[in-house]
Amino acid sequence: MGNMPITNDKGSSFLSSKEIGSINAWISEMKKYPLLIPTKKRKLAQRTLELPYKLIGNGLNRIVYDLDNGYVLKIAFSEIGLISNGQEFSLYHSAHPDIKQYLCPVKERGQGWIVMKKMERKAPINLENLQKLSTLTMKFLLRGIIPVDLRLANIALSHDNEMVVIDYGLFIKALHGKSDQSNDDVHSAK
């Protein structure tokens, strides 16, 4: 499969066809309960999915499993979760190199799920990281991306202590942003 990301449910480098079928069944089931509170919906998702992986996290819209191979599986359990998965996949694969380096890599996408690189080093709350977060916010804004929900809880640190956003499903790409211009173009536009 090489470096090309998968964008459908026909095959996966990470998931078996049985696991994809389980996720598809969950997504169909999920749509029957649009008003169920998130904690109950998450529990229902876990019971329905019955995946063999360790659950390592969840938010209000997605659950995250450790694939135990350096990657995580994010599965939606709400409509916003579906949108967030699509947004992370799209943004990562269309991002300008200036900001792509700050986005956790998304390797595959299917109906209701994405596979993303696992980042384990959380960014501690300290003055240095808060300053880095402010600088990172400006980098996204200069590239025409509104980093909604960019906070230290959604950041991990790379091996060389660079910030990497691990949850950017709520980021908004401006329609006429500067996302595909060079640095010089952005600075000269001031």
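Cluster partners of I166, using a side-chain heavy-atom cutoff of under 4.5 Å among ILVMFWY residues and allowing indirect links, are M119, V164.
With no hydrogens or angles considered, no side-chain donor-acceptor pair links S90 and K173 at under 3.5 Å. Using a 3.5 Å distance cut-off with no hydrogens or angles, the side chains of E19 and Y53 do pair a donor with an acceptor. Of the N and O atoms on the side chains of S12 and E108, at least one donor lies less than 3.5 Å from an acceptor on the other residue.
Hydrophobic clustering of Ile, Leu, Val, Met, Phe, Trp and Tyr side chains at less than 4.5 Å, counting indirect connections, keeps I146 apart from F140. A continuous path of ILVMFWY side-chain contacts below 4.5 Å connects V165 to I125, so both sit in one hydrophobic cluster. Under the 4.5 Å side-chain heavy-atom criterion for grouping Ile, Leu, Val, Met, Phe, Trp and Tyr, I114 is connected to I56 within one hydrophobic cluster.
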Trace of the side chain to side chain contact (heavy atoms under 4.5 Å, CB included) decision for L44 with W26: CA-CA 9 Å; L44 179 61; W26 159 246; 3.8 Å; yes

Candidate pair D98 and K139, rule salt bridge (charged side-chain N to carboxylate O under 4.0 Å, His left out), full reasoning: CA-CA 8 Å; D98 287 351; K139 287 180 183 185; over 6 Å; no

Step-by-step side chain to side chain contact (heavy atoms under 4.5 Å, CB included) determination, I20 to W113: CA-CA 9 Å; I20 292 173; W113 60 271; 4.3 Å; yes

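Judged by distance alone, with hydrogens and angles left aside, the side-chain atoms of N61 form no donor-acceptor pair with the main-chain N or O of S84 at under 3.5 Å. For K74 (side chain) and R62 (main-chain N/O), no donor-acceptor pair under 3.5 Å exists by modelled atom type. With hydrogens and angles ignored, the 3.5 Å screen pairs a side-chain donor or acceptor of E88 with a backbone N or O of G169. Checked by atom type and distance alone, the side chain of Q87 never pairs as donor or acceptor with a backbone atom of Y168 at under 3.5 Å. Judged by distance alone, with hydrogens and angles left aside, the side-chain atoms of T137 form a donor-acceptor pair with the main-chain N or O of L133 at under 3.5 Å. S134 places no side-chain N or O within 3.5 Å of a backbone atom of L130 that could act as its donor or acceptor partner. Side chain of K122 to backbone of A153: a donor-acceptor contact under 3.5 angstrom is found.
A heavy-atom distance below 4.5 Å is not found between the side chains of K107 and Y92. No side-chain heavy atom of T135 sits less than 4.5 Å from a side-chain heavy atom of Q131. Looking at I155 and N129, their side chains never come closer than 4.5 Å, going by heavy atoms from C-beta outward. Contact of the K31 side chain with the L82 side chain is registered, since non-hydrogen atoms from C-beta on lie closer than 4.5 Å.
Heavy atoms only, all atoms of each residue included: M30 and S78 are closest at SD-N, 3.2 Å. Considering every non-hydrogen atom in both F171 and D167, the closest pair reads CE1-O, 4.3 Å. In this structure, A76 and G81 approach most closely via the heavy-atom pair CB-C, 3.4 Å.
Distance check, rounded to the nearest 0.5 Å: CZ of F77 to NZ of K43 gives 11.5 Å. How far CZ of R143 is from OH of Y102: 11.0 Å, rounded to the nearest 0.5 Å. Rounding to the nearest 0.5 Å places CG of L141 at 9.5 Å from CG of L136. Between the CD1 atom in I23 and the CD1 atom in I75 there is a gap of 4.0 Å [rounded to 0.5 Å]. To the nearest 0.5 angstrom, L152 atom CG is 10.5 Å from K132 atom NZ. Rounded to the nearest 0.5 Å, atoms OH (Y65) and CG (L67) are 11.0 Å apart.
For K117, the NZ atom sits in a loose shell: 12 or fewer heavy atoms of surrounding residues, nucleotides or ligands are nearer than 6.0 Å. Counting non-hydrogen atoms of neighbouring residues, nucleotides and ligands closer than 6.0 angstrom, the NZ atom of K40 reaches no more than 12 such neighbours.
Partner I80 forms a side chain to side chain contact (heavy atoms under 4.5 Å, CB included) with one of L60, N85, L170 and no other, that one being L170.
Under the 4.0 Å criterion applied to side-chain N and carboxylate O atoms, D68 and K54 are not assigned as salt-bridge partners.
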